[in-house]
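Right, one structure below, let's go through it.
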Amino acid sequence: MKLKDRNLLGIETLDPAEIDLILNTAVPFKQMFTRSVKKVPTLRGKTVVNLFYEPSTRTRASFELAEKRLSADVLNISVATSSVVKGESLIDTAKTIEAMKADFVVIRHSMAGAPHLLARTINASIINAGDGMHEHPTQALLDLFTIREKKGRIEKLNVVIVGDILHSRVARSNIWGLNKMGAKVTVVGPVTLIPSHIEDLKVKVSHKLEEVLPEADVIYVLRMQRERQKQHLFPSLREYSELYGVDMDKLAKCKKDVIVMHPGPMNRGIEISSEVADSSYSVITEQVTNGIAVRMAVLYLLGGGAENVEGAE
Amino acid sequence: MTNLYRTKKVIMTKAEIAIAIKRLALEIVEKNHGTKDLAIIGIRTRGVFLAERLSAEIKKISKKTMPIGVLDITLYRDDFTSLSEMPVVKETQIPFVIDDKKIILVDDVLFTGRTIRAALDEIIDFGRPQSIQLAVLIDRGHRELPIQADFVAKTFKTALTEMISVNFQEIDNNDQVTLNDKVS
């Protein structure tokens, strides 16, 4: 069993068996974290370039740790955040990386499709670490892993994703992933932050969080970016917090074994209250640990010798 | 692209395997002057069943239970660049501190020695055992590394084209070791 593509560009193109393979492979990697030497020689001699066109602390740190724990050589390239990167310059950067004989490129970019462009341009395996408002596949995989670990299954669970669905690549990757694994997804948020036709992705839509909470097995809280308010997408952070922020009062309406997830970084007191974030319902720090294991699994599964890469142009 | 194999000869029967494991257990206890500090680690997949049976025999002899672990050497292989498909990774479970233990490393067949090399590297990542001793059911020769077993139930000369297949009740529904020939 192997992954069909030598790149991980998104969840949309994976089939359930491939997602299962990644999640199963992550289990022994997570178990490895309990050892005194948290490192295996598997990717010795391979080079990974982390190419980040957007600021990121946890995703980049998580990838870097995953790469180092597999003994790969790691190169971090962070590109100034303010510059608008044109197609040509991305291709030029890619060509430079290609000349450095990188085996993997982990890319985050503010433009949807940037990883796909890179995949068409160079021979290295490309891993999408977030492209615009499109996908963030490793985030969704670590979320699926966490849900499966905590709940024992993903199938038939009711997952509520609450917040800014419109701008969220995390939401999109999770919707695809959760649907493929048989969960029932409901997205909740203000009308202005839910894209029209989102129902086409086979999700239920609600604008009233409290109505969907009693059925929820998992509450997935998205980060509310403060600048959205300046775009007049909702009247005030306080109102948002009142209606859609997850606090102990709202949790009281949920099942006893509900879990609360958040991709980080959190705005405490806005989309999630401090009490909830630090409660036993929260699996947020577990998500971080699982992120490393899942990224190791992805690197491992994409890491078969370059000589064997089929279909490389 | 799996090769088909045909059974040429039965090398060990169920009864012979049982006697061989008993003998291995005796040898291990004898050489180590008892079971003090002993721990046993089986290499996935069939080394694990052999390790479990050895541990049961040693318990019969010494009335002592030793800690037992499972090793998956996949991540320590030296042939990733020549594989077309990444092998399935399973869990390594060593639920005891290996520092200062005398580790009995167990595998079913000793062949090139590469699996043992990988296993040694992985064990060392868990700590510093007092010693590591290797116990195998079959030594079929053709070593590619300077590795030898401390305890061998049966040495059997083979051709490189042949394959030794060890079957255990726990996974294969019978106890038997066979010599097989490539058909195609």
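Chain naming here is simple, since letters A, B, ... match the order of the sequence lines and numbering starts at 1 in each. These numbers come from the heavy atoms of this one structure, side chains and all, not from hydrogens, waters or symmetry mates.
- With a threshold of 4.5 angstrom between heavy atoms, A:Lys38 does not approach chain B through any atom at all.
- Summarising the geometry, atom CD belonging to B:Glu85 is positioned 10.0 Å from atom CG belonging to A:Leu3; distances are rounded to the nearest 0.5 Å.
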Could you go step by step and tell me if B:Leu75 and A:Tyr300 meet the side-chain contact (heavy atoms from CB on, under 4.5 Å) rule? CA-CA 9 Å; B:Leu75 297 170; A:Tyr300 171 77; 3.8 Å; yes

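- Rounded to the nearest 0.5 angstrom, A:Gln31 CD and B:Glu91 CD are separated by 5.0 Å.
- Atom NZ of A:Lys101 is surrounded by 12 or fewer heavy atoms from other residues, nucleotides or ligands within 6.0 Å.
- Between A:Arg35 and B:Glu122 there is a salt bridge, with a side-chain nitrogen of the basic residue lying less than 4.0 Å from a carboxylate oxygen of the acidic one.
- The closest side-chain heavy-atom distance from A:Val37 to B:Phe126 is not below 4.5 Å.
- Of all the heavy atoms in B:Lys90 and A:Pro28, the pair that sits closest is O-CB, 3.5 Å.
- For CD of B:Glu30, the number of neighbouring non-hydrogen atoms (other residues, nucleotides, ligands) closer than 6.0 Å is 12 at most.
- The shortest non-hydrogen separation linking B:Gly127 to A:Ser36 is N-OG, 4.5 Å.
- Counting non-hydrogen atoms of other residues, nucleotides and ligands closer than 6.0 Å to NZ of A:Lys151 gives a total above 12.
- With respect to B:Val89, the side-chain contact (heavy atoms from CB on, under 4.5 Å) criterion is satisfied by exactly one of A:Val27, A:Thr25, A:Leu301: A:Thr25.
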